[in-house]
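A quick write-up on the structure given underneath.
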There are 2 protein chains.
Amino acid sequence: MLETADRRRTDTRERLLEAAERAVVAKGFAATSIDELIVDVGITKSGFFYHFKDKNALARALMLRYLAQDRDVLDGIFTRGDELHDDPLHGFLVGLKLFAEALADLPEHHPGCLAASFCYQDQLFDQDIRDMNAESILVWRRRFRARFDLIAEIYPPKEKIDLEALADMAASLVEGALILGRALKDATILPRQVLLYRDFVRAIFQP
Amino acid sequence: MLETADRRRTDTRERLLEAAERAVVAKGFAATSIDELIVDVGITKSGFFYHFKDKNALARALMLRYLAQDRDVLDGIFTRGDELHDDPLHGFLVGLKLFAEALADLPEHHPGCLAASFCYQDQLFDQDIRDMNAESILVWRRRFRARFDLIAEIYPPKEKIDLEALADMAASLVEGALILGRALKDATILPRQVLLYRDFVRAIFQP
DNA sequence: ATCTTGCTGTACCTCGGGTGCAGTTATGCC
DNA sequence: GGCATAACTGCACCCGAGGTACAGCAAGAT
């Protein structure tokens, strides 16, 4: 019957997740209807419920996907930073520079963060999804905290500093700058905040 | 018939807004039902639609209320800071200290920001509400930017610095720290971020 | 006495999230 | 070739939430 791509079986679930992430970041989970997702990927409602038993299962799958992507992106950028510089401080500063550049080059106008999007609607979700959301933040805290401990051994900061707060500052700034960027429709806010954070880190540790 | 408070007429609208703000910050606008609000304040659905023609009108009223409160709180804290110190830099630093203390003393465990809550669901709202949301961010930018310009005249920073980004950093950090605080159920994150921001501002301008 | 404000009550419509289940078709495996 | 399985479609139906449209009523203000 000349069907170009019937029985595409393998990627329908993935395409649902992609459509869902776009929609959820754009307008929130509650405002994202199953109907619009199935129109997007060209299946029926029954098809959706074949892949996800309910909307909560969709949310869980989105979070899992997001956690993995987030980890990969951070890993990629900061290992490249370290490859370009042996020293833990300067490798980190290069990593932040690369991060800012990557953010500035994002094709989307006003990107968003799934964790933040879920955060203000978290009563909609099961406890395990809220736990995953917390974990996505803790990943950042642990990553940056470990690096600062390493740096502080070599470059002890002049003044006592709350290193945990400094680590959390990275996630706070990114989440907050995404909000500002969306509200003001200004894609430059996020990379500039990252560069400012970099200035702060350098000022703290550099002798 | 011994009605304790029938015909309370005057404050029903206000009580609706209070209930709505609590619910919206807790679980998002879309997940906040009119039914729960009317149960909260003890009126009927018709009563709700007497006060607000639809949910969008409720959102608009919430934003207006929020803008006024936000302005008053910031005004109060930073004018007190300036009363305690003549110098624009040190008055500002005192203000930030007061701000951090006020945030640490908040009774609610995980407060939230209406602007952030609306931000990730903004497709639900009319354009004018999105504009008000942007305005609530610009209030912060203008306030802090003006102060930094003032400070920079007296204490020119050693290195070139993006003062607009430094101003936006305040709102970014607060919005982001609220998200982290909610996700991790840790009320100390927000005040600690504000204190860190204060350290950064001092490091930039102090000779 | 009547007007206005601040509601209540009833009835009804639509959309979105589900549930339940029977049927269909391509593919892979024996 | 036969058969199981994966990946759906189609249909029928339920519920809750956002509205719409009015008619009515009761307490104060004038």
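Heavy-atom basis, side chains included; hydrogens, waters and symmetry copies ignored. Within every chain, numbering begins at 1; the chains are lettered A, B, ... in the order of the sequence lines, protein sequences first and strands thereafter.
- Between the side chain of Gln121(B) and the backbone N or O of Ser117(B) there is at least one donor-acceptor pair closer than 3.5 Å.
- Here the P atom of nucleotide dT20(D) and the NZ atom of Lys55(B) are 13 Å apart, to the nearest Å.
- Regarding contacts with the backbone of dC8(D), a side-chain N or O of Thr12(A) is found under 4.0 angstrom from either OP1 or OP2.
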Show your working on side-chain contact (heavy atoms from CB on, under 4.5 Å) between Phe200(B) and Leu196(A) and close with a plain yes or no. CA-CA 10 Å; Phe200(B) 188 32; Leu196(A) 213 51; 3.8 Å; yes
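- A side-chain donor from one of Trp140(A) and Asp70(A) sits under 3.5 Å from a side-chain acceptor of the other.
- Ile43(B) places its CD1 atom 16 Å from the C1' atom of dC25(D), with the value rounded to the nearest Å.
- The nearest whole Å value for the distance from the CZ atom in Phe48(B) to the P atom in dA17(D) is 14 Å.
- For His51(B), no side-chain nitrogen or oxygen approaches OP1 or OP2 of dG6(C) to under 4.0 Å.
- Between Ile38(A) atom CD1 and dG10(D) atom P there is a gap of 11 Å when expressed in whole angstrom units.
- Within 4.0 Å (heavy atoms only), Ser33(A) reaches sugar-phosphate atoms of the nucleic acid but no base atom.
- Distance, Lys53(B) NZ to dG6(C) P: 19 Å, rounded to whole Å.
- Side-chain atoms of Lys45(A) come within donor-acceptor range of the base of dG17(C), with a qualifying N/O pair under 3.5 Å.
- A salt bridge links Asp40(B) with Arg22(B): the closest approach of a Lys/Arg side-chain nitrogen to an acidic carboxylate oxygen falls below 4.0 angstrom.
- Put simply, the side chain of Ser46(A) and the base of dG10(D) share a donor and an acceptor less than 3.5 Å apart.
- Between Tyr50(A) and dA7(D) there is a side-chain N or O to OP1 or OP2 distance below 4.0 Å.
- Residue Asp54(B) contributes atom CG, which lies 15 Å from atom C1' of dA21(D) at whole-angstrom precision.
- A salt bridge links Arg60(A) with Asp126(A): at least one charged nitrogen is closer than 4.0 Å to a carboxylate oxygen.
- Look at CD1 on Ile34(A): it is 14 Å from P on dT9(D), rounded to the nearest Å.
- Side-chain atoms of Phe49(B) lie closest to dG19(D) of the nucleotides dT8(C), dG19(D), dG18(C).
- In this structure, Phe125(A) atom CZ and dG17(C) atom C1' are separated by 14 Å, rounded to whole Å.
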